[in-house]
Every structure is written in structure tokens, then in C-alpha cells.
Amino acid sequence: MTDELKHGAAQKSGAGQVSLLGAGFDLTALEKCLLNEYQRGFPLCAEPFAEIAAQLGVAEAEVIQTLESLQRRGFISRVGPVFAPQRAGASTLAALAVPEERLDSVASLVSAFTEVNHNYQREHAWNLWFVVTAPDQQRVEQVLADIESATGLAVLNLPLERAFYIDLGFPLWC
């Protein structure tokens, strides 16, 4: 992952273009719509992609293929729900202090755990941060222990003490 994408400062750079710190990417109207309009309000039904397709006047397969393409190209990490912490199972924020030369390999290892939602680099001694979500606290603790064992690095466990709601939906094209 390049530094430009890690830090993700997106800028509009003309019709149909998105610029991530100067690196231009052409996006179709459908890609832009899916990225912008479905950060919230994703249909909660048995066939959400069919519902989106109906709303947009395209085929369901086109919606699915477009989302898969966006994921392959690194524009999105996943399509799925975000639950309030501790409402469904257990979770924690955690961090590792990873030597720079091991960062990519350790990040890949951490991402391989199905309980890890995502991880990201930060400019700090604790430079790799991630969220672990599991059915119960015992499994969260086991995953953290397994990550410590697999990486040989101490895990900083930062369990939720006080909840704050931060809307992470961003208007991408105004």
C-alpha cells in the first residue's frame, strides 16, 4: 500500500476523476454513486444488492461486480454492517508496535484473523491499530493472545470505556 493511499486524502480532480494526493483514478458514475450514496441507508432486506440495483436502474450483477472491483482496487475494504460496540458480541481496539521493515507482513498476518475487521497504520510508536470483534470477551482475548504469539509482539488492548458516536460517512462528491 502506498503512502498516498494509506493516508487517503481524497480530492476532487475533475469530472469522473478522484485524486488521492495527486494520483488520479477514473471512476464510473455507478462507482461514484455506490461509494457516496450507500455509506448509510444500505437496504436491510433479503436481497440488498437487488434493491440497490432497482433503485439505480441497473442489473444486480452489475452492482455486485462493481463493488467487487472497488474492493479489489482498494477503494473499499468490505461491504457490511457496523454494529454499536458491545451490542452484538464483544470487541476491542488494539495496537502493535511493529518495526517498519515488518509492517506489511505483520499487517497481513493480523488481517488474516476473521475476527479482525480492519487494521491501519498510524504515525506513532504503536503504529499498527486494529479492531477485534468476536462472539464473546473470551474469544477476543484469545485472538489477541494468538496475534501476540504469531507476531512475537506485545498487543496493546484498548477496550471501550466510554462510547462516542462519530459518523464516518463522508460526502465524496457534492
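Residue numbers run from 1 in the order of the sequence given.
- In this structure, the side chains of Val98 and Thr151 stay at 4.5 Å or more apart for every pair of heavy atoms.
- The nearest pair of heavy atoms linking Pro48 to Pro43 is CB-O, 3.4 Å.
- Between the Ser149 side chain and the Ala145 main chain, no donor and acceptor come within less than 3.5 Å of each other.
- Here the CG-CG distance, from Leu96 to Asn119, works out to 9.0 Å after rounding to the nearest 0.5 Å.
- Residue-environment remark: CD (Gln71) exceeds the threshold of 12 foreign heavy atoms within 6.0 Å.
- Between Val131 and Tyr120 there is no side-chain heavy-atom pair separated by less than 4.5 Å.
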TODO: Mind running side chain to side chain contact (heavy atoms under 4.5 Å, CB included) on Val110 and Trp129 for me, showing each step along the way?
DONE: CA-CA 10 Å; Val110 169; Trp129 292 65; over 6 Å; no
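- To the nearest 0.5 Å, atoms CD (Glu47) and CD (Glu60) are separated by 6.0 Å.
- Atoms CG and CD, on Asp146 and Glu148 in that order, are 10.0 Å from each other to the nearest 0.5 Å.
- Minimum interatomic distance between Leu156 and Trp126 (heavy atoms only, all atoms of both residues): CB-CZ3, 3.6 Å.
- Under the 4.5 Å side-chain criterion, counting only non-hydrogen atoms from C-beta, Leu128 is not in contact with Leu153.
- Closest non-hydrogen pair, Thr133 versus Ser91, comes out as OG1-CB, 3.7 Å.
- Considering only heavy atoms from C-beta on, Tyr38 comes within 4.5 Å of Leu56 through its side chain.
- By the rule that hydrophobic residues join a cluster once side-chain heavy atoms approach within less than 4.5 Å of another member, Ile64 and Leu70 end up as members of one cluster.
- Of all the heavy atoms in Ala59 and Ala53, the pair that sits closest is C-CB, 3.6 Å.
- Counted by atom type alone, Gln138 and Gln142 present zero donor-acceptor pairs between their side chains at under 3.5 Å.
- Using a 4.5 Å cut-off on side-chain heavy atoms (C-beta onward), Leu34 and Ile76 make no contact.
- One hydrophobic cluster holds both Ile52 and Val58 under the rule that ILVMFWY side chains link at heavy-atom gaps under 4.5 Å.
- For Thr66 (side chain) and Glu62 (main-chain N/O), a donor-acceptor pair under 3.5 Å exists by modelled atom type.
- Taking each heavy atom of Asp136 and Ala90 in turn, the nearest pair found is C-CB, 3.5 Å.
- The CG atom of Leu109 sits 12.5 Å away from the CG atom of Asp104 when rounded to the nearest 0.5 Å.
- In this structure, CD on Gln137 lies 7.0 Å from OG1 on Thr92, to the nearest 0.5 angstrom.
- The CD atom of Gln121 lies 5.5 Å from the CD atom of Glu100; values are rounded to the nearest 0.5 Å.
- You'll find the side chain of Arg73 reaches within 4.5 Å of the side chain of Leu27, heavy atoms only.
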TODO: List the steps and the verdict of side chain to side chain contact (heavy atoms under 4.5 Å, CB included) for Asn157 and Val132.
DONE: CA-CA 10 Å; Asn157 184 8; Val132 174; over 6 Å; no
